[in-house]
Every structure is written in C-alpha cells, then in structure tokens.
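A short write-up of the structure that comes next.
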Amino acid sequence: MKALIHLVPRAGSGEAFEARVREQVHALREGPDARGLEINLMLRPKDDPFGKRTAFQAAIELRGDHATAASLSARLAGLGRNLAEVTHLDLSTLLLGEDVVIIASEKTPVRYQYLMRRNTSFDHPGYLLRYREIHAQFGIETPGILGYVQFHVDPEASRRGAAQAGMGVWGVDSVSELHLASLETFLGEISKSSIGPAAIADEEVFVDRANSYDLVTHVEWQE
C-alpha cells in the first residue's frame with residue numbers, strides 16, 4: 001500500500017514552504033510507527049517544462065509492504081494541520097492505493113508523475129483495467145526511462161484518508177510514474193520519438209485529459 005501527497009504552497013511562503021515540508025518528512029521518518037515504511041520527499045524544480053497548469057511544488061511518498069490504507073491514514077492524520085500555514089490544503093492531494101510495476105528500476109533521482117482522471121465512458125475498475133492492459137504499452141515504449149509504475153488509486157480509501165489529514169483532493173484515478181536518470185536525457189529521447197501523438201489519442205478514449213496534471217520532481221530517497 002502506498003500514499004502519495006502532492007502539496008500546493010501559499011503565495012509568499014517562499015523558502016518556508018520547503019522547510020516546513022522537510023520538517024514533516026523528518027517527523028514522519030522518525031515517528032514511533034515508521035518501522036517498515038519508506039518515506040520519500042519529491043521537490044519540483046523551477047525549470048520543470050511539464051505541467052504548466054500544475055500548482056504542486058512538493059510531494060511525499062509513503063509505502064510499505066505491510067502498510068494498510070487505515071495505518072497510512074492514521075500516520076498522516078496531523079499532516080494538514082502542520083502544513084496549513086504554508087500550504088493550500090484544499091488544493092493538495094492525499095491518494096492511497098497500490099503500485100503496479102510495469103518496468104522495475106533502481107532508485108532514480110528524477111520522477112515524472114501524471115495524475116490522471118477517468119472520463120465518463122469508464123467506471124473506476126474499467127478505467128484501471130484499460131490503463132493496465134492497453135495503455136501501459138505506451139509507457140513501455142517511451143524512450144529515455146529507467147522504470148515505469150502505475151499507481152492505482154483507491155478512491156474510497158483516499159477520500160477517507162484525505163478527510164482525516166485535511167487535504168482537499170482525492171478523486172484521482174491513477175498516477176503514471178516514469179523513473180528517470182535525468183530530465184535532460186528524458187527530454188532528449190522523447191524529442192526524437194513519435195510515440196506522443198499515439199499515446200495522446202489513446203488517452204482521449206478513457207482519460208479526462210483537461211483535468212489531469214503532470215509534473216517532474218527530484219527525488220530524495222530515504223536512506
């Protein structure tokens with residue numbers, strides 16, 4: 001089970017936003033119930049060429065083989081309260097679900113994330129089935145990546161967890177995660193590829209693209 005939190009800073013928070021997020025990640029890692037959890041921090045670079053409509057500037061990932069939605073929600077219950085001064089909680093996410101690993105990789109320093117919502121043609125289970133069985137091929141064929149993971153969101157668990165933590169966004173259906181050696185390498189490879197139009201055309205079948213958002217982050221893995 002995994003939790004993904006995406007955070008939107010308040011205007012004017014400046015360096016205080018990153019400092020407060022780092023404090024919370026440290027507290028989560030040092031907590032008495034952190035055993036068995038991996039807690040990673042992701043920060044968006046200022047020159048991110050993706051997600052021009054995306055306000056997220058930081059993300060926190062918690063995952064553990066024996067973690068449950070309830071245990072992760074309990075672990076994150078105070079997060080919103082501790083970040084409220086520097087974060088728009090109503091615009092920030094808390095997503096709970098399971099990773100589906102398509103291409104396994106080592107811990108890479110950069111991650112592309114695409115928060116995807118289904119369109120009205122599909123219910124959530126049907127969306128995830130098509131995403132895994134058909135659309136995954138485009139991720140597999142994307143050049144310049146070292147790993148590809150589909151994060152399949154549990155909407156009801158996310159709704160409960162977001163309410164408990166004070167976060168406003170939970171209704172995302174999935175997150176595509178591309179694990180990268182560097183942003184420059186990735187951009188160089190995809191600029192030479194023709195896969196983009198076909199992938200977009202396939203997304204139009206089952207994804208609400210206008211309300212789906214992407215970003216790139218640098219990953220600080222827990223040691």
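Quantities reported herein were computed from a predicted structural model and do not represent experimental measurements.
- Linking ILVMFWY residues whenever their side-chain heavy atoms come closer than 4.5 Å, directly or via other members, leaves Val110 and Leu215 in distinct clusters.
- Side-chain contact between Thr142 and Phe186 is present, with at least one heavy-atom pair separated by less than 4.5 Å.
- With respect to the salt-bridge test (charged N to carboxylate O, under 4.0 angstrom), the residues Lys192 and Glu189 qualify.
- Between atom CG of residue Leu94 and atom CG of residue Leu79 there is a gap of 7.5 Å, rounded to the nearest 0.5 Å.
- A single hydrophobic cluster is seen to contain both Met1 and Leu28, as judged by linkage of ILVMFWY side chains at heavy-atom distances under 4.5 Å, directly or through other members.
- In this structure, OH in Tyr127 is found 10.0 Å from CG in Asp208, a value given to the nearest 0.5 Å.
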Could you please spell out the steps behind the side chain to side chain contact (heavy atoms under 4.5 Å, CB included) verdict for His6 and Gln113?
CA-CA 10 Å; His6 301 86; Gln113 297 181 67; 2.9 Å; yes

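- No single ILVMFWY cluster, assembled from side-chain heavy atoms under 4.5 Å apart, contains both Leu41 and Val8.
- Ring to ring, His135 and Phe206 are close: their centroids are under 6.0 angstrom apart.
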What do the steps show when you test Glu141 against Tyr148 for side chain to side chain donor-acceptor pair (under 3.5 Å), and what is the final call?
CA-CA 10 Å; Glu141 295 174 0; Tyr148 171 37; over 6 Å; no

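- Side-chain contact check for Ser182 and Thr185: at least one donor-acceptor pair (N or O, by modelled atom type) lies under 3.5 Å.
- Rounded to the nearest 0.5 angstrom, Glu61 CD and Ile5 CD1 are separated by 9.0 Å.
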Let me see the working for Gln57 and Leu43 under side chain to side chain contact (heavy atoms under 4.5 Å, CB included), right down to the final yes or no.
CA-CA 6 Å; Gln57 293 297 324; Leu43 297 171; over 6 Å; no

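- With a 4.5 Å cut-off on side-chain heavy atoms, Leu37 and Gln222 do not count as touching.
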Would Val25 and Arg22 count as a side chain to side chain contact (heavy atoms under 4.5 Å, CB included) here? Give the steps.
CA-CA 5 Å; Val25 170; Arg22 287 187 178 280; 5.7 Å; no

For His152 and Gln150, run side chain to side chain donor-acceptor pair (under 3.5 Å): C-alpha distance rounded to whole Å, both residues' side-chain angles, the deciding distance at 0.1 Å, then the answer.
CA-CA 6 Å; His152 289 202; Gln150 294 184 347; 2.9 Å; yes

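- Contact of the Phe151 side chain with the Leu4 side chain is registered, since non-hydrogen atoms from C-beta on lie closer than 4.5 Å.
- Between the side chain of Arg53 and the backbone N or O of Ala210, at least one donor-acceptor pair lies under 3.5 Å.
- Rounding to the nearest 0.5 Å gives a distance of 11.5 Å between CD of Glu18 and CD of Glu23.
- Ring orientation note: the planes of Tyr112 and Phe50 are nearly perpendicular, at an angle over 60° on the 30°/60° scale.
- Ion pair Arg10/Glu85 not flagged as a salt bridge, since none of the NZ, NE, NH1 or NH2 atoms sits closer than 4.0 Å to an Asp/Glu carboxylate oxygen.
- A distance-only check finds no donor-acceptor pair linking the side chain of Thr93 to the backbone of Val169 [under 3.5 Å].
- For the pair Leu7/Phe56, no side-chain contact is recorded, criterion being any heavy-atom separation below 4.5 Å from C-beta on.
- Linking Ile, Leu, Val, Met, Phe, Trp and Tyr residues whenever their side-chain heavy atoms come within less than 4.5 Å places Val86 and Val21 in a single cluster.
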Does Thr108 form a side chain to side chain donor-acceptor pair (under 3.5 Å) with Ser105? I'd like the steps, not just the answer.
CA-CA 8 Å; Thr108 62; Ser105 73; 5.0 Å; no

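- Under the 4.5 Å side-chain criterion, counting only non-hydrogen atoms from C-beta, His218 is not in contact with Arg111.
- Cluster membership check: Val216 shares its hydrophobic cluster with Ile145, using side-chain heavy-atom separations under 4.5 Å among Ile, Leu, Val, Met, Phe, Trp and Tyr.
- Glu106 and His179 form no side-chain donor-acceptor contact under 3.5 Å, judged by distance and modelled atom types alone.
- Side-chain contact between Pro109 and Val219 is absent, with no heavy-atom pair separated by less than 4.5 Å.
- With Leu62 as reference, Arg75 is the one residue of Glu38, Arg29, Arg75, Lys2 to meet the side chain to side chain contact (heavy atoms under 4.5 Å, CB included) rule.
- Between the NE2 atom in His88 and the CG atom in Leu83 there is a gap of 13.0 Å [rounded to 0.5 Å].
- The backbone N or O of Ile195 lies less than 3.5 Å from a partner atom in the side chain of Ser193, making a donor-acceptor pair.
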The test is side chain to side chain donor-acceptor pair (under 3.5 Å); show your working for Tyr131 and Ser176 and say whether it passes.
CA-CA 10 Å; Tyr131 177 46; Ser176 278; 2.7 Å; yes

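- Using a 4.0 Å cut-off between a side-chain N of Lys or Arg and a carboxylate O of Asp or Glu, Asp173 and Arg117 do not qualify as a salt bridge.
- Here the side chains of Val175 and Tyr114 are not in contact, with every heavy-atom distance at 4.5 Å or above.
- A donor-acceptor contact closer than 3.5 angstrom links the side chains of Asn82 and Gln24.
- Test Asp214, Val207, Asn211, Val153 against Met116 for side chain to side chain contact (heavy atoms under 4.5 Å, CB included) and you get one pass: Val207.
- Annotation: side chain of Leu96 is in contact with side chain of Leu72 (closest heavy-atom distance under 4.5 Å).
- The OG atom of Ser212 lies 11.5 Å from the CZ atom of Arg118; values are rounded to the nearest 0.5 Å.
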